[in-house]
Amino acid sequence: MDFAVLVDCNSFYASCERVFNPSLNNKPVAVLSNNDGCVIACTKEAKKIGIKMGTPFFKCKKLMEENNGKFFSSNYTLYGDLSNRVMDVLVSYPAEHEIYSIDEAFLLFNNETIKSIFAIGRDIRYSVKRLTGVPVSVGIASTKTLAKIANHIAKKSKNGVYVFCSQKQVNKVMKITPVSEVWGIGRQYSKKLQKNNIYTAEDLCKMPDTWIRKLMTNRGLQTVWELRGYPCVPTTSDRVEKKGINTSRSFSHLVTDKHELYEALAYYTTLNAEKLRKQNSCTQMVCVYLSTNHFRDGPQYRAAHTISLPTATAETPLLIRAAYEAMDKIFKSGYSYKKTGCLFLGLIPEISNSNNLFFKTYYKSAEQNMMKVMDKVNEKYGRDTLRYASTGIKRSWTMNRKLLSPAYTTSWKHIKNVEFSEK
DNA sequence: TCTGGGGTCCTAGGACCC
DNA sequence: TCTGGGGTCCTAGGACCC
């Protein structure tokens with residue numbers, strides 16, 4: 001039989017914090033979003049005391065303190081590195097691999113028996129934990145959507161592995177799975193379905209295809225077919241290049257000064273351009289947006305503007321200039337701004353951009369070599385070793401990360417000290 | 001005081017073409 | 001009274017995911 005195996009790290013960000021800090025084991029741990037805004041990951045101990053995903057930090061700070069738990073700012077350097085290690089273990093298995101997100105991956109196995117696939121699931125769980133320190137759960141079924149459901153069950157089970165062994169077993173689970181818990185069915189669709197008296201995965205499967213397609217488009221129909229046991233969600237791991245590249249951050253405080261705003265924008269554009277060059281693309285459009293804080297009373301304003309470039313490029317200075325031009329179109333003084341961002345659209349491969357007679361091609365330019373040097377230096381010696389003056393020196397707008405843990409695995413300065421004492 | 005960020009896919013409808 | 005039909009391309013907006 002063929003099987004879809006979903007490996008999902010347990011409360012990944014929080015587990016990463018535990019890997020190098022075992023004193024956190026069995027205690028509530030939660031990780032916060034940028035600017036220490038709200039909870040984006042929490043361990044089961046944290047859930048137990050009533051901490052929920054998405055809750056603002058200031059609303060649950062006290063609860064955590066009372067229960068001897070700990071919060072962390074998000075440390076993407078650490079999580080990214082541990083994610084790579086987990087994925088390295090997973091791709092060593094003889095299967096088709098699809099790395100789906102920072103903390104989960106599908107492995108597709110052919111010609112296995114229930115017994116052999118169960119053994120593989122247990123081995124995966126054991127190996128990942130031993131080699132990386134990260135706990136994972138494994139859900140196994142005939143389709144990815146069912147594997148997701150299996151994974152939910154595995155998360156709650158003792159040995160962390162769950163296999164759908166028979167159609168009878170699938171039916172039993174579908175009866176008690178709320179439709180809102182099905183992968184691919186979010187809040188809006190759940191509401192619509194409930195209005196039509198569809199509450200469980202089983203209810204949904206019984207509906208006719210035409211009706212499902214009308215309500216939830218072809219994607220929704222795909223989901224239902226997967227629930228019925230026919231694999232039809234395609235593998236996406238061969239898609240490497242992104243279609244759009246975006247960088248935006250909320251500020252640590254409200255920004256009214258035009259100079260500060262432009263400085264932040266230049267910085268986000270620089271980060272965007274680095275991502276662009278990393279995938280060997282050029283961009284044809286630069287879109288800039290900004291907004292005030294919609295959680296607050298007071299005058300609100302949000303706007304966006306897109307500039308089409310005369311020739312596609314990946315040169316940071318040109319992109320900063322375009323971003324400024326876009327910002328000039330939308331900036332209004334008198335407002336307190338919370339956020340700005342920069343989005344590149346219409347990405348094309350670097351090499352194909354050589355057919356414009358009127359401009360020097362990006363591909364051959366000396367500027368490109370300079371970009372390469374900058375990227376290399378910054379990669380080796382750390383971000384911002386070489387930087388543009390327009391991105392600011394003091395950067396008073398940068399986000400708050402007051403509870404940041406060390407970058408244990410990627411910086412010599414932060415490496416963990418272990419002391420032995422003789423007894 | 002304090003409420004994240006970065007993606008994907010699909011569809012309807014308008015503009016335009018012959 | 002009567003006003004074609006069949007395409008393509010683009011964009012905005014809505015849904016989803018982690």
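Protein chains get the first letters and strands the later ones, always in sequence-line order, with residue 1 at the start of each. Side chains included, hydrogens not; waters and symmetry mates left out as well; all remaining heavy atoms used.
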Out of dG7(B), dC18(C), dT8(B), which has the shortest distance to the side chain of I245(A)?
dG7(B)

Given dG5(B), dC10(B), dC16(C), the nucleotide with the shortest approach to the side chain of Y189(A):
dC16(C)

Determine: side-chain N/O of S248(A) to OP1/OP2 of dG6(B), distance under 4.0 Å, yes or no.
yes

Do D2(A) side-chain atoms and N110(A) backbone N/O form a donor-acceptor pair below 3.5 Å?
no

Just how far, in rounded Å, is P of dG5(B) from CG of L271(A)?
13 Å

Over how many whole Å does the gap from L343(A) atom CG to dA12(C) atom C1' extend?
14 Å

Phosphate contact (dC18(C) OP1 or OP2) by K148(A) side-chain N/O below 4.0 Å:
yes

Between dG4(B), dC18(C), dC2(B), which one does the side chain of F58(A) approach most closely?
dC2(B)

Looking at the side chain of Y100(A), which of dG5(B), dC17(C), dT3(B) is the nearest nucleotide?
dC17(C)

Under 4.0 Å, heavy atoms only, any strand: does R296(A) hit a base, just the sugar-phosphate, or nothing?
sugar-phosphate

Is the distance from OP1 or OP2 of dT11(B) to the nearest side-chain N or O of R219(A) less than 4.0 Å?
no

Residue closer to the 5' end of DNA chain B, P56(A) versus N218(A) (nearest nucleotide)
P56(A)

Taking the side chain of D103(A) as heavy atoms from C-beta outward, which of dA15(C), dG4(B), dC18(C) is closest to it?
dC18(C)

In whole angstroms, how far is the P atom of dG14(C) from the CG atom of L215(A)?
16 Å

Counting N and O atoms only, with roles assigned by atom type, does the side chain of E104(A) sit under 3.5 Å from a partner on the main chain of Y100(A), one being a donor and the other an acceptor?
no

Nearest to side-chain heavy atoms of C38(A), which nucleotide of dG5(B), dT3(B), dA15(C):
dT3(B)

Would you say T247(A) reaches dG5(B)'s phosphate, i.e. side-chain N/O to OP1/OP2 under 4.0 Å?
no

Under 4.0 Å between any heavy atoms, over every strand shown, what does N400(A) touch: base, sugar-phosphate, or nothing? Just pick one.
nothing

So F57(A), base contact, sugar-phosphate only, or nothing? Heavy-atom distance under 4.0 Å.
nothing

Between K402(A) and dC2(B), does any side-chain N or O lie under 4.0 Å from OP1 or OP2?
no

What do you reckon, is OH of Y301(A) surrounded by more than 12 foreign heavy atoms closer than 6.0 Å?
yes

Whole-Å distance, D8(A) CG to dC18(C) P, equals 8 Å

NA contact type, I102(A), heavy-atom cut-off 4.0 Å: base, sugar-phosphate, or nothing?
nothing

Taking the six-membered ring for Trp, are the ring centroids of Y324(A) and Y262(A) within less than 6.0 Å of each other?
yes

What is the distance from CE of M53(A) to C1' of dG5(B), rounded to the nearest Å?
13 Å

Taking it one step at a time, do S291(A) and Y337(A) satisfy side chain to side chain contact (heavy atoms under 4.5 Å, CB included)?
CA-CA 6 Å; S291(A) 64; Y337(A) 293 103; 6.0 Å; no

Establish, from distance only, whether the side-chain atoms of S23(A) and R18(A) form a donor-acceptor pair under 3.5 Å.
no

Does dT11(C) pair with anything, Watson-Crick or G-U wobble, both distances under 3.5 Å, and if so, with which nucleotide?
dA12(B)

So, is R249(A) near the phosphate of dG6(B), with a side-chain N or O under 4.0 Å from OP1 or OP2?
yes

Taking the side chain as everything from C-beta on, heavy atoms only, tell me whether T247(A) gets closer than 4.5 Å to E274(A).
no

Under 4.0 angstrom between K338(A) side-chain N/O and dG4(B) OP1 or OP2:
no

In whole Å, I'd like the distance from the OH atom of Y79(A) to the C1' atom of dG6(B).
17 Å

What is the separation between atom CD on E98(A) and atom C1' on dC18(C), rounded to the nearest whole Å?
13 Å

Using the side-chain heavy atoms of K192(A), tell me which of these nucleotides is nearest: dG5(B), dA15(C), dG7(B).
dA15(C)

Nearest to the side chain of W183(A), which nucleotide is it out of dG6(B), dG4(B), dC18(C)?
dC18(C)

Taking atom C1' of dC2(B) as reference, at what distance in whole Å does atom CE of M399(A) sit?
16 Å

